[in-house]
Amino acid sequence: MAEDLDELLDEVESKFCRPDPLRLDMVERPRGGSGGGVLSNDRNRAGEKENLRSTEAFKKEDDLDSLINEIFEEPNFDKKHFKLKSKSSGNTSVRASIRGLGKSCSPVYLGGSAVPCGIGTNTSQRACDRLRCVACDFWVVSYDDRRWDGSCDYLFFRNNMPEFHKLKTKLVKKKGTRAYACQCSWRTIEDLTDLQTDHQLRWVCGKH
């Protein structure tokens, strides 16, 4: 009888008192207890996944940086190449154009159609064809063998400058004369005339 009781107690203890690993896993998982083997494995896996994600993110950033560098490196090379080409070619023509734009008439002459146009000097009396008005800031136009009609007024030039198809309505043919006009002033000139003698005109040489 005692032996049967001991066997029964051993069986009960083996079934109900000793922890079963599978049951322990199932019990501890939903409870979220600390220190379990499965939980530590889950944490390790989560840490590995996080490390993998961070590594992939760094790789993507490095790839993106390299792509950006490649994009910006090629145009810079092209720009340098272009700059070198532009410096090496056409220097003579640029310098020549700069030199050509630096000359002014002294004195400034107006003249009829018989007077040649160009840079006026004391020895080369030429009519300036680069006149600019400092009052209205318009370039002065001129028409050979034409004179302005006597009915011209300020409003006519104000409204029609510098369009020739509108201005020609007030131009009259006259051989030997030259009609000058800006937006605020106009003159008909026949002989060589020094601009300084006409104090009402605000015209200056705009450099040739």
Side-chain angles (χ1 to χ4, degrees), residues 68 70-208:
I68 291 173
E70 287 179 4
I71 290 171
F72 281 101
E73 280 174 3
E74 292 180 0
N76 286 338
F77 177 77
D78 291 340
K79 286 178 182 178
K80 290 178 183 177
H81 186 62
F82 176 76
K83 285 180 181 178
L84 290 173
K85 285 179 67 178
S86 63
K87 286 181 181 178
S88 61
S89 62
N91 281 340
T92 306
S93 60
V94 171
R95 288 175 184 172
S97 62
I98 291 172
R99 288 177 184 173
L101 290 172
K103 295 182 180 179
S104 300
C105 295
S106 180
V108 182
Y109 290 111
L110 305 178
S113 60
V115 179
C117 294
I119 301 173
T121 63
N122 289 322
T123 56
S124 178
Q125 297 178 336
R126 296 175 179 271
C128 180
D129 55 353
R130 294 282 297 171
L131 293 168
R132 191 175 187 89
C133 180
V134 297
C136 64
D137 199 28
F138 265 67
W139 288 101
V140 178
V141 297
S142 63
Y143 303 103
D144 287 353
D145 296 324
R146 298 286 191 279
R147 67 173 179 85
W148 293 114
D149 187 76
S151 62
C152 289
D153 57 10
Y154 170 78
L155 287 177
F156 171 75
F157 292 100
R158 175 80 179 179
N159 295 329
N160 299 315
M161 274 292 292
E163 299 178 24
F164 174 72
H165 69 279
K166 295 180 179 179
L167 294 173
K168 69 180 181 179
T169 59
K170 296 287 186 180
L171 284 169
V172 181
K173 289 184 179 181
K174 185 179 180 181
K175 191 171 181 61
T177 60
R178 183 177 285 147
Y180 292 87
C182 62
Q183 196 181 37
C184 62
S185 302
W186 63 98
R187 293 288 186 275
T188 299
I189 305 296
E190 188 170 2
D191 300 320
L192 186 71
T193 305
D194 190 337
L195 184 61
Q196 291 183 351
T197 60
D198 193 333
H199 300 290
Q200 293 181 350
L201 290 178
R202 303 289 303 278
W203 297 347
V204 295
C205 177
K207 294 186 179 181
H208 296 262

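Between Arg158 and Gln183, the shortest heavy-atom distance links the atoms O-NE2, 3.3 Å. The two atoms that bring Gln125 and Val115 nearest to each other are O-CG1, 4.1 Å, heavy atoms only. Nearest heavy atoms, Cys152 versus Lys170: SG-CB, 3.5 Å. Heavy atoms only, all atoms of each residue included: Tyr109 and Gly120 are closest at CD1-CA, 4.3 Å. The two residues Asp145 and Ser113 make their nearest non-hydrogen contact at OD1-OG, 2.8 Å. Between Leu201 and Ser185 the shortest heavy-atom distance is CD2-CB, 3.7 Å.
Classification of the Phe157-Trp186 ring pair by plane angle, with boundaries at 30° and 60°, yields parallel.
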Decide salt bridge (Lys or Arg N to Asp or Glu O under 4.0 Å) for Arg132 and Asp137; before the verdict, give the C-alpha distance in whole Å, the side-chain angles of both, and the deciding distance to 0.1 Å. CA-CA 7 Å; Arg132 191 175 187 89; Asp137 199 28; 3.1 Å; yes
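At least one donor-acceptor pair closer than 3.5 Å links the side chain of Thr197 to the backbone N or O of Asp194. A donor-acceptor contact shorter than 3.5 Å links the side chain of Thr177 to the backbone of Arg146.
Asp144 is linked by a salt bridge (Lys or Arg N to Asp or Glu O under 4.0 Å) to Arg178, counting only residues two or more places apart in sequence or in another chain. Applying the side chain to side chain donor-acceptor pair (under 3.5 Å) test to Asp153 and every residue at least two apart in sequence or in another chain returns nothing.
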Donor-acceptor pairs are to be reported for all side-chain atoms of residues 162-169 against protein atoms at under 3.5 Å, with residues two or more places apart or in another chain.
residue	atom	partner	partner atom	Å
Glu163	OE1	His165	NE2	3.4
Thr169	OG1	Lys166	O	2.8

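No side-chain heavy atom of Asp198 sits under 4.5 Å from any side-chain heavy atom of Leu110.
Once rounded to the nearest 0.5 Å, the distance linking CG of Leu195 with OH of Tyr180 reads 9.5 Å. Between the NZ atom in Lys207 and the SG atom in Cys128 there is a gap of 12.5 Å [rounded to 0.5 Å].
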